[in-house]
Student: 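First the structure, then my questions, so here it is.
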Amino acid sequence: MSADIFSKVHDILKSINEVKIETMSELESFRIKYLGSKNEIKSLFGEIKNVENEKKKEFGQLLNDVKQAAEDKFESIRHIIENKTGRADDFDLDLTAPCEPINLGSRHPVSIVMNRIISIFERIGFNVAEEREIEDDWHNFTAMNTPEDHPARDMQDTFYLRDSTTELLRTHTSSVQARIMTSQQPPIRIIAPGRVYRNETISSRSHCQFHQVEGLYIDKGVSFADMKQTLLYFAREMYGQKTNIRLRPSFFPFTEPSAEMDVYWGLNNEDDYRITKGTGWLEILGCGMVDPNVLINCGIDPDIYTGFAFGMGIERQAMLQFKITDIRQLFENDTRFLKQFSGVV
Ligand code: DAH
């Protein structure tokens, strides 16, 4: 009897020493079996009464050794597994598994179109000028020959800052013209891309914030023909080498004469009829010869220098090029919309 029970305990000790434990759940089974409230070793202590008196001590000692072996094994394996996974749950780390896909960002359609415009003008010697979005009344309006009582200054169109009547969010990038002309003398050849703000009702076609690219070229003898040729070059680079343009007389306070430029979009399908309102032509930008008053306001002598300027909206061109029907999509930052432009440059 006594020999049987001794060999049973030796078997348990052997299996404690030999059992392979690699995961937390295996370790937990081990704990329940040998260290839990109803563990196998405990029940063996009850067998002591059946062991001959002279072997009782030896048997008790053996059981204590078994218990100790189970505790030691539990602690050392727990230490190994926790260090391996860095956390105390059942987690097998497979270093050879492929990693989660990394989501690369994509360029925003407004940036894509803006960058195209910038690179077209950079190729013919225009430099990028970036200026402040918080402007003062003088650079945004007065210097640009916009009279005090001009409706564009109205509280309804312009966001004034706090209670100020002079600090505002620029309503157009034309304010950069004034910034540049007051800080440097001709020759000036810049484009100014950036965000502008107007107090307009948000709809599918208009927003209270949008982007423009302004252009300004001032030097001796700059003519209307130079402007037309520059803008034709731009239209063809942007919309294809066969693109035709037309200049329609218009009015802007800061240019004289002023014009609006249309590109011929075509009338090939229903969409073309809709976006060109049945004319085939699309308005792209405003332009003109810089008004001598603007030059004088900014300290440039109009008897020596002439120049042309132009300004265009980006959102409308992005919407045309990418067939976006609602301008609000450009500002909502919905990744389902934005990721469609991944890889587009
Ligand atoms: N600033 C005008 C606007 O926001 C656009 C514009 C028109 C800019 C004619 C120009 C220009 O430089 O010559 O509507």
Side-chain angles (χ1 to χ4, degrees), residues 110 114 117-118 121 126 128-133 135 137-147 150-154 156-159 168-182 186 188-200 205-218 222-232 234-235 245-263 282-295 297-298 300 302 305-317 327:
V110 167
M114 197 137 95
I117 296 170
I118 292 170
F121 282 104
F126 282 76
V128 173
E130 277 181 311
E131 270 295 344
R132 60 208 74 187
E133 290 178 18
E135 257 305 350
D137 180 87
W138 190 82
H139 289 89
N140 196 78
F141 293 126
T142 312
M144 300 313 289
N145 203 33
T146 308
H150 194 279
R153 293 195 179 210
D154 203 306
Q156 275 142 32
D157 290 341
T158 306
F159 285 117
L168 46 85
L169 294 177
R170 66 180 179 192
T171 59
H172 54 183
T173 43
S174 302
S175 59
V176 182
Q177 290 191 34
R179 289 270 164 204
I180 297 296
M181 284 191 277
T182 48
I188 292 171
R189 195 156 38 179
I190 55 116
I191 47 167
R195 193 176 297 154
V196 300
Y197 305 84
R198 280 182 209 172
N199 195 354
E200 280 182 17
R205 314 253 354 128
S206 66
H207 210 283
C208 60
Q209 56 167 345
F210 51 98
H211 297 77
Q212 294 186 328
V213 174
E214 190 81 11
L216 177 68
Y217 180 26
I218 300 184
V222 175
S223 69
F224 197 91
D226 293 327
M227 179 180 86
K228 196 183 133 196
Q229 213 52 36
T230 305
L231 295 177
L232 177 64
F234 162 72
I245 62 165
R246 71 176 183 192
L247 292 170
R248 280 180 292 104
S250 184
F251 173 79
F252 298 103
F254 29 87
T255 42
E256 184 59 38
S258 304
E260 278 172 316
M261 187 181 91
D262 299 341
V263 295
L282 268 181
E283 185 207 317
I284 296 295
L285 54 83
C287 58
M289 300 306 289
V290 178
D291 193 303
N293 284 337
V294 173
L295 296 176
N297 290 342
C298 298
I300 292 174
Y305 295 108
T306 52
F308 66 77
F310 56 88
M312 60 181 108
I314 310 298
E315 276 75 4
R316 229 170 80 83
Q317 297 190 62
I327 194 171

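One-based numbering, in listed order, for ligands and for the atoms of each. Bear in mind the structure is a predicted one, so any value in this text is a computation, not a measurement. These values consider heavy atoms only, across backbone and side chains, with no hydrogens, waters or symmetry-generated copies.
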Student: State the CD1-CD1 distance between I180 and I190, to the nearest 0.5 angstrom.
Tutor: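 Rounded to the nearest 0.5 Å, the CD1-CD1 separation comes out at 5.0 Å.
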Student: Kindly say whether the aromatic ring centers of H172 and F252 come within a distance under 6.0 Å.
Tutor: no
Student: Please produce the table of protein N or O atoms sitting under 3.5 Å from N or O atoms belonging to ligand 1, one pair a line, distance to 0.1 Å.
Tutor:
| from | atom 1 | to | atom 2 | distance (Å) |
| --- | --- | --- | --- | --- |
| ligand 1 | 1 (N) | H172 | ND1 | 3.0 |
| ligand 1 | 1 (N) | S174 | OG | 3.0 |
| ligand 1 | 4 (O) | R198 | NH2 | 2.8 |
| ligand 1 | 4 (O) | Q212 | NE2 | 3.0 |
| ligand 1 | 12 (O) | Q177 | NE2 | 3.1 |
| ligand 1 | 12 (O) | E214 | OE2 | 2.6 |
| ligand 1 | 12 (O) | F310 | N | 3.4 |
| ligand 1 | 12 (O) | F310 | O | 3.4 |
| ligand 1 | 13 (O) | A309 | O | 3.1 |

Student: Indicate yes or no: at least one non-hydrogen side-chain atom of Y217 is less than 4.5 angstrom from one of T230.
Tutor: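 When only atoms from C-beta onward are counted, T230 and Y217 do not touch, as no gap falls below 4.5 Å.
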Student: If you compare all heavy atoms of D262 against all heavy atoms of E283, which two are closest, and at what distance to 0.1 Å?
Tutor: OD1-CA, 3.2 Å
Student: Which atom names give the shortest non-hydrogen contact between P193 and R170, and what distance separates them?
Tutor: O-NH2, 4.5 Å
Student: If you measure from CD on Q212 to CD1 on I191, what distance do you get to the nearest 0.5 Å?
Tutor: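 So the CD of Q212 and the CD1 of I191 are separated by 13.5 Å.
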